[in-house]
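Quick note on labels: first sequence line is chain A, next is B, and so on, each numbered from 1.
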Protein chains: 2
Amino acid sequence: MDRKQLPLRADARRNRERILNAAARHFAAQGIDTSLEEIAKAAGVGSGTLYRHFPSRDLLLAALLRDSQEKLLAQAEAARKIDHPGTALQVWLKALQSHLRTFSGLPAPLLAAIKEQASPLATSCQDLLSITEELLVQAQEEGQAKASVAASTLFLGALASAWAADHAEALGTTEEALDALLAQGYLTEK
Amino acid sequence: MDRKQLPLRADARRNRERILNAAARHFAAQGIDTSLEEIAKAAGVGSGTLYRHFPSRDLLLAALLRDSQEKLLAQAEAARKIDHPGTALQVWLKALQSHLRTFSGLPAPLLAAIKEQASPLATSCQDLLSITEELLVQAQEEGQAKASVAASTLFLGALASAWAADHAEALGTTEEALDALLAQGYLTEK
DNA sequence: ACCTGAACACCGTTCAAGT
DNA sequence: ACCTGAACACCGTTCAAGT
């Protein structure tokens, strides 16, 4: 399928940009379940225009995540170059979790995306899962990660900890403490 | 404050029961975000009647959880009688997680309840946190749990794993594997 | 005292009319 | 080709009218 796309009319291109800016602000401030109508209003466009550019909330989200996603893939590349595979896995998981915390409420649609292949978030999610698997297997081959752990379990754990991270302070704990709890489970002892 | 309550008119009492039954079915089948209007319809009452009995979704939820909650408190009592405090903690956390999985989507309102004391779910949540703390401290005193771990972190971890548990199968992993990942982090080695 | 269902508010989504 | 905003649908919540 062609993905030609680009030659947007000047006003359309400007509107698209405005919508993305407003959405980034609102998603960051209120979480990803915030009202799309308000985003359209803040962007100074009619709600129909928002839907023309981003027919679903997931498509808008996917567009917003693109930057963070690319940064993450670069970090994956860096992790691959680390000698010690156990460390590489740890570095990767840390970067992954940071990505998953880009917006509050992000884990839920990402998880949903994995089930419904149709979602625009699905392929990128699959990529992240593949990278996790690749680095996990290498660590396991060197005996630096437990053989009993599956990549999907680790990935789900990362999603879960991102889900919880928003609320860590309110409960009197910290994101770091939560990460530490999770980080113990997959490494081989000592 | 008086909490006299009970002398309900016969029809009111019957309606209350019907609402609870319908809600239990719908919450179990669709998760706790399902439409209250549909629950009222399934119960054969007007929506106003549902709101008269349960002015907020959280109050309805709290009423539904009461049974499960009592069972859980009994399990806490049983855990306290176990000689080995590390085991007692493990048993408790297992029971807690099972409770948190009563309905899909339950972790979110429970977490929210801790922040807003006003919520009808808040006090019961605080109880669960207190029990976690009590059993954790005992395990720590015997050197069977890491001194660096906080009860709130463990509790948040349990909520997070309950959140993820719904989706474990879809991802090709299991609730057990996820639990195992989390279970490693708080015990002292060997 | 309690119930009902119409009414209101809010928001997601579509689409006819405009430029 | 793209935009606007009114229109529709859905659901949570309230309340006047009924018994």
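Contacts between residues 22-40 of chain A and DNA chain C, counted as heavy-atom distances below 4.0 Å, involve T34(A), S35(A), L36(A), E37(A). Within residues 44-52 of chain A, the residues that place at least one heavy atom under 4.0 Å from DNA chain C are, in residue-number order, S47(A), G48(A), Y51(A).
Rounding to the nearest 0.5 Å gives a distance of 8.5 Å between CZ of F27(A) and CG of D33(A). In this structure, the separation between CG on D127(B) and CD1 on I131(B) is 6.5 Å, given to the nearest 0.5 Å.
Classified by interplanar angle (parallel below 30°, tilted 30° to 60°, perpendicular above 60°), the ring pair W163(A)/W163(B) is parallel.
Among I39(A), L60(A), T49(A), L36(A), the one residue that satisfies the side chain to side chain contact (heavy atoms under 4.5 Å, CB included) test with F54(A) is L60(A).
A donor-acceptor contact closer than 3.5 angstrom is absent between the side chains of T34(A) and H26(A).
An OP1 or OP2 oxygen of dC3(D) is reached within less than 4.0 angstrom by a side-chain nitrogen or oxygen of H53(A). Considering only side-chain N and O atoms, N15(A) lies nowhere under 4.0 angstrom from the phosphate OP1 or OP2 of dC2(D).
Side-chain atoms of Q144(A) come within 3.5 Å of backbone N or O of G86(A) as a donor-acceptor pair.
Rounded to a whole Å, the CG atom of D11(B) is 13 Å from the P atom of dA1(C). Rounded to a whole Å, the NZ atom of K41(A) is 13 Å from the P atom of dT4(D). R14(A) places its CZ atom 14 Å from the C1' atom of dT4(D), with the value rounded to the nearest Å.
Classification of K41(B) and E38(B) as a salt-bridged pair fails, no side-chain N sitting under 4.0 Å from a carboxylate O.
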Assess the residue pair L136(A) and Q140(A) against the criterion (side-chain contact (heavy atoms from CB on, under 4.5 Å)); give the C-alpha distance rounded to whole Å, side-chain angles, the decisive distance to 0.1 Å, and a yes or no. CA-CA 6 Å; L136(A) 173 63; Q140(A) 285 171 331; 3.8 Å; yes
Writing each nucleotide of DNA chain D 5' to 3' as (, ), [, ], | or . by Watson-Crick or G-U pairing under 3.5 Å yields ||.|||||...|||||.||
